[in-house]
Number of protein chains: 2
Amino acid sequence: MDTAERLIRSTQELLWERGYVGTSPKAIQQHAKAGQGSMYHHFTGKPDLALAAIKRNGEELRAEAETALSRPGTAVEKISAYLHREREILRGCRIGGLAQDADVLASDELRAPVTETLDWLRRRLTAVLAEGVARGEFTADFDPAATAATIAAVVQGGYVLARAARSEEPFTQAVEGAEKLLLSKQL
Amino acid sequence: MDTAERLIRSTQELLWERGYVGTSPKAIQQHAKAGQGSMYHHFTGKPDLALAAIKRNGEELRAEAETALSRPGTAVEKISAYLHREREILRGCRIGGLAQDADVLASDELRAPVTETLDWLRRRLTAVLAEGVARGEFTADFDPAATAATIAAVVQGGYVLARAARSEEPFTQAVEGAEKLLLSKQL
DNA sequence: GTCTATAATTAGATAGAC
DNA sequence: GTCTATCTAATTATAGAC
């Protein structure tokens with residue numbers, strides 16, 4: 001693995017763990033075993049490197065969500081697969097956590113991949129649920145867009161509750177509660 | 001308002017806006033219009049002052065949630081009142097945001113009020129829903145604890161999605177989706 | 001209680017040698 | 001491409017005068 005790649009992956013880890021404000025160039029260099037001159041040769045500075053890392057984290061999130069959502073079966077089965085997919089719960093969401101970071105929100109460039117990734121997720125969940133409606137899997141009053149937002153929020157909020165409690169239990173409970181509510185809309 | 005009080009309130013604002021890592025003593029002093037000597041006279045340092053501010057933010061969150069949850073009516077009416085209570089959505093949750101802050105999570109002292117506040121919230125929501133079950137307001141398979149975790153997570157996650165999108169819409173959708181799902185469990 | 005001076009450490013980067 | 005030296009500003013305090 002070359003130096004630029006090691007720098008990006010180290011930054012992905014550190015952004016996930018400590019956010020943008022809490023991640024220093026020095027910490028990145030040490031984690032990547034790269035010198036200062038090396039980092040500034042490959043990237044113009046911290047924001048440039050962070051942008052590459054955030055984009056990469058977004059791509060990885062999409063790929064993992066897509067794996068669950070594209071499995072065969074009913075809409076509820078796909079959503080359940082997404083809700084129960086393997087996660088490092090106590091690390092939180094590699095993208096959602098950055099939505100809490102003031103410096104990321106303040107920068108149009110850094111915020112863009114965060115916005116786009118979470119927008120994509122809601123759209124993808126909406127599509128899965130809308131397809132379920134088209135196939136007659138749900139009761140008549142079912143609202144795909146609102147339910148998709150609820151699913152995405154339960155996962156993001158589950159991470160928040162779990163990290164605060166230092167326990168996976170609140171995440172698990174929140175997800176199971178959502179799943180049970182969803183099941184009761186299924187015909 | 002005396003100096004110590006101004007320092008605490010300023011820290012509350014800044015922690016809410018920028019988190020612990022992103023809030024410097026200097027920024028606090030300027031916001032509070034207090035000198036450096038003044039701050040270090042009243043508090044031993046940044047962690048001490050932050051602890052006072054986090055505790056205060058927790059108390060305020062409880063008071064506001066309690067106002068909605070103690071209104072008269074059915075369990076669903078109370079939960080709806082909580083979900084739709086007035087919020088500064090784009091600022092996020094004054095407590096939940098800190099669950100994403102590495103320095104807060106790493107400190108037992110600073111993490112404690114965050115943990116306790118969100119635990120209290122889940123317990124309080126569980127109690128409201130369990131009372132509804134006792135009154136026969138819900139279908140037989142209804143799970144108060146899981147649903148309470150779901151409600152709390154939807155709110156926390158709604159904040160995350162809204163901040164990422166710079167729009168209140170994802171929060172509103174997530175909350176309305178949750179409300180509709182809950183209503184379908186009501187007898 | 002508040003103010004100013006001082007200071008050790010880190011953040012974030014530039015310059016130029018190799 | 002990588003390394004070391006250098007630099008300015010910010011962070012997080014402490015000390016002592018008023």
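To find a chain, count down the sequence lines: A is the first, B the second, and so on, and within it residues start at 1. In this text, all values refer to a predicted model and were calculated from it rather than measured experimentally.
Side-chain proximity of A:Ser38 to the nucleotides C:dT2, D:dT2, D:dT14 is greatest for D:dT2. Listed candidates were C:dT2, C:dG12, D:dT12. Nearest to the side chain of B:Thr3 is C:dT2. For B:Gln36, whose side chain is taken as the heavy atoms from C-beta onward, the closest listed nucleotide among C:dA11, D:dT2, C:dA5 is C:dA5.
The heavy-atom pair separating A:Ser70 from A:Glu66 by the smallest distance is OG-O, 2.7 Å. Across B:Tyr159 and B:Ile89, no two heavy atoms sit closer than the pair CD2-O, 3.3 Å. Annotation for A:Val160 and B:Gly96: closest pair CG1-O, 3.6 Å, computed over non-hydrogen atoms. Residue A:Tyr20 comes nearest to A:Ala50 through the heavy atom pair CE1-CB, 3.4 Å, listed as atom of the first residue, atom of the second, then distance.
Between B:Gly37 and A:Met39, the residue whose closest nucleotide on DNA chain C is further toward the 5' end is B:Gly37.
The distance from atom OH of B:Tyr20 to atom C1' of D:dT11 is 12 Å, rounded to the nearest whole Å. C:dG1 atom C1' lies 13 Å from atom CZ of B:Phe43, rounded to whole Å. For the pair B:His41 NE2 and D:dA13 P, the interatomic distance rounds to 17 Å; values are reported in whole Å. When rounded to the nearest whole Å, the span between NZ of B:Lys46 and C1' of C:dT9 equals 14 Å. Summarising the geometry, the separation between CD on B:Gln29 and C1' on C:dT2 is reported as 12 Å, rounded to the nearest angstrom. For the pair A:Arg6 CZ and D:dT2 C1', the computed distance is 11 Å after rounding to whole Å. Separating the NZ atom of B:Lys26 from the P atom of D:dA10 is a distance of 6 Å, rounded to the nearest angstrom. Atom pair B:Ile28:CD1 and D:dA10:C1' shows a separation of 14 Å (rounding to whole Å applied).
At the phosphate of D:dA10, neither OP1 nor OP2 sits under 4.0 Å from any side-chain N or O atom of B:Ser24.
With hydrogens and angles disregarded, no donor-acceptor distance shorter than 3.5 Å links the side chain of A:Asp119 to the backbone of B:Ala165.
Between A:Arg9 and A:Glu5, at least one side-chain N (NZ, or NE/NH1/NH2) sits under 4.0 Å from a carboxylate O, which counts as a salt bridge.
With contacts defined as side-chain heavy-atom distances shorter than 4.5 Å, the pair B:Thr74/B:Gln186 qualifies.
Scanning DNA chain C for stems, defined as runs of 3 or more consecutive Watson-Crick or G-U wobble pairs whose donor-acceptor distances all fall under 3.5 Å, gives the following ranges: C:1-18 with D:1-18.
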